[in-house]
Structure formats: C-alpha cells, structure tokens
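Excluded from the calculations below are hydrogen atoms, water molecules and symmetry mates; all remaining heavy atoms, backbone and side chain alike, are included. In this text the structure is predicted, and so the values were computed from the model without any measurement.
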Amino acid sequence: MFDSFLIRKDSLQNVVEDGKVTGFKFAVRIADYRGCFLSLHNGYYIRCDGVEYPRELQRFEVNGKKPRTFEEIKKCVWEHWNYDDEAYVYVTKEGGLEPGMHTIEIQQSVLSQYGYGPWDEEWVKNPPVPGTGAGAGKTHVICKCELELQE
C-alpha cells in the first residue's frame, strides 16, 4: 500500500559501535495505514547489493528505545508502532557498506492484527520468513530502492 514510502531515501548510514563499523542502518515507516503492536512486527526481507540479510542479522529501533532483535520485539505486546512514526532497521555486516550507491530490496512482515486466519496460531509459534509473501501485509511485493550511503 505505501511501499514507495517504506524507506527514507537519505537515511542509509554505517553503524559504528565501540569505534568499529558493525553494519548499516536505514529509516523505515510502517506500510500500513494504522500502525501495529510491535509483537506483530516480524522483521524484513532485506537484500543489499545482491546479498540477503535474514531476520537474525536485523535489529529494530523505534519509540526512543535501543535497537532490539525481532525475538525481543515479539514480546512487546503492549508497545505500539504508530503510523507515520519513523523507525530504524539495523543490519549486521562486518565493515558496513562502501561509500556510494546501494540497491536495497525490502519487504516488511507484519502479521495480521484483525480478523483470524487458519494460519494465525501457527504464525504466532513459528512466524513466516520475511520475503516469502506470507505475513507481508500491505507490502505485497519486494520493493527495490537505490540509496546513497550518508557520511
């Protein structure tokens, strides 16, 4: 639905922790018109310059809290990610990204927050892998963005 607004174009940066570049991050918005409870946010399909980065290499920063894994996020049943609030996705990649342009392919996975499908109970126990289309909510396709690494 809001696929073209998923990533802020000028937000790609390397992440430096303890003086060492440990990965990269970029700003995202929720691809839904009403936000969601964080426990329903299942991570992202992320492919940068042809390399796929699974959910286990991702952390998520929202609501002024430090970046958390999606295992931590799925326990945040009372915390809400409001529509139009910006968040950051952190991706672990030793050495980060080189200066210049990068192609990022992304699909957001937010489990359904209304109604009940026969798969819902299973998805609570075993969330679908982002990028398969299951749980993709309003991002029906994998979006492709060209972003320049910011200093």
Heavy-atom nearest pair, Gly96 first then Asn14, reads CA-OD1, 3.3 Å
Is it true that Val62 and Ile46 fall in one hydrophobic cluster, defined by side-chain heavy atoms closer than 4.5 Å? yes
Is any side-chain heavy atom of Leu38 closer than 4.5 Å to a side-chain heavy atom of His80? no
Give a yes or no on whether the backbone of Leu6 and the side-chain of Gln108 come within a donor-acceptor separation of less than 3.5 Å. no
Could you give me the CA-CA distance, side-chain angles and deciding distance for Arg34 and Tyr83, then say whether side chain to side chain contact (heavy atoms under 4.5 Å, CB included) is met? CA-CA 5 Å; Arg34 59 175 154 189; Tyr83 172 75; 5.7 Å; no
Trp81 reachable from Trp78 in the ILVMFWY side-chain graph, under 4.5 Å edges: no
What about Leu149 and Val16, same hydrophobic cluster or not, with Ile/Leu/Val/Met/Phe/Trp/Tyr joined at side-chain heavy-atom distances under 4.5 Å? no
Heavy atoms of Val77 and Phe37 approach each other most closely as O-CD2, 3.4 Å
Sequence neighbours excluded, the answer for side-chain contact (heavy atoms from CB on, under 4.5 Å) partners of Thr92 is Leu57
In this structure, NZ of Lys93 is separated from OG1 of Thr22 (nearest 0.5 Å) by 11.5 Å
Tell me, which pairs form a salt bridge (charged side-chain N to carboxylate O under 4.0 Å, His left out) where one or both residues lie in residues 79-90, sequence neighbours left out? Arg8-Glu86, Arg29-Asp84, Lys65-Glu79, Arg68-Glu79
Does the ring pair (Phe, Tyr, Trp, His ring centres under 6.0 Å) test come out yes or no for Phe24 and Tyr53, once each step is laid out? CA-CA 11 Å; Phe24 60 94; Tyr53 296 91; 5.6 Å; yes
Can you pull out every salt bridge (charged side-chain N to carboxylate O under 4.0 Å, His left out) where at least one residue sits in residues 13-23? Sequence neighbours excluded, please. Glu17-Arg59
What residues, two or more places apart in sequence or in another chain, satisfy ring-ring contact (aromatic ring centres under 6.0 Å, His included) together with Phe70? His41, Phe60
Which value, rounded to the nearest 0.5 Å, describes the distance between Glu72 atom CD and Lys74 atom NZ? 11.5 Å
Would you give the length of the straight line joining atom CZ of Arg47 to atom CD of Glu52, rounded to the nearest 0.5 angstrom? 7.0 Å
Looking at every heavy atom in both Ala27 and Ser11, which two are closest together, and how far apart are they? N-OG, 2.8 Å
I'd like to know if Val15 and Val89 are part of one continuous hydrophobic network [Ile/Leu/Val/Met/Phe/Trp/Tyr, side-chain heavy atoms within less than 4.5 Å]. no
Could you tabulate the donor-acceptor pairs under 3.5 Å formed by side-chain atoms of residues 97-104, not counting sequence neighbours?
| residue | atom | partner | partner atom | Å |
| --- | --- | --- | --- | --- |
| His102 | ND1 | Asp49 | OD2 | 2.5 |
| His102 | NE2 | Glu98 | O | 2.6 |
| Thr103 | OG1 | Glu146 | OE1 | 3.0 |
| Thr103 | OG1 | Glu146 | OE2 | 2.8 |

Residue list, salt bridge (Lys or Arg N to Asp or Glu O under 4.0 Å) with Glu61, at least two apart or on another chain: none
Give the cluster check for Ile73 versus Ile30: same hydrophobic cluster or not, with ILVMFWY residues linked at side-chain heavy-atom distances below 4.5 Å. yes
Is a side-chain N or O of Gln58 found less than 3.5 angstrom from the main chain of Gly43, in a donor-acceptor match? no
Hey, could you give me the CD/SG distance between Gln107 and Cys143, rounded to the nearest 0.5 Å? 7.5 Å
Return the CG to SG distance between Leu40 and Cys76, rounded to the nearest 0.5 Å. 11.0 Å
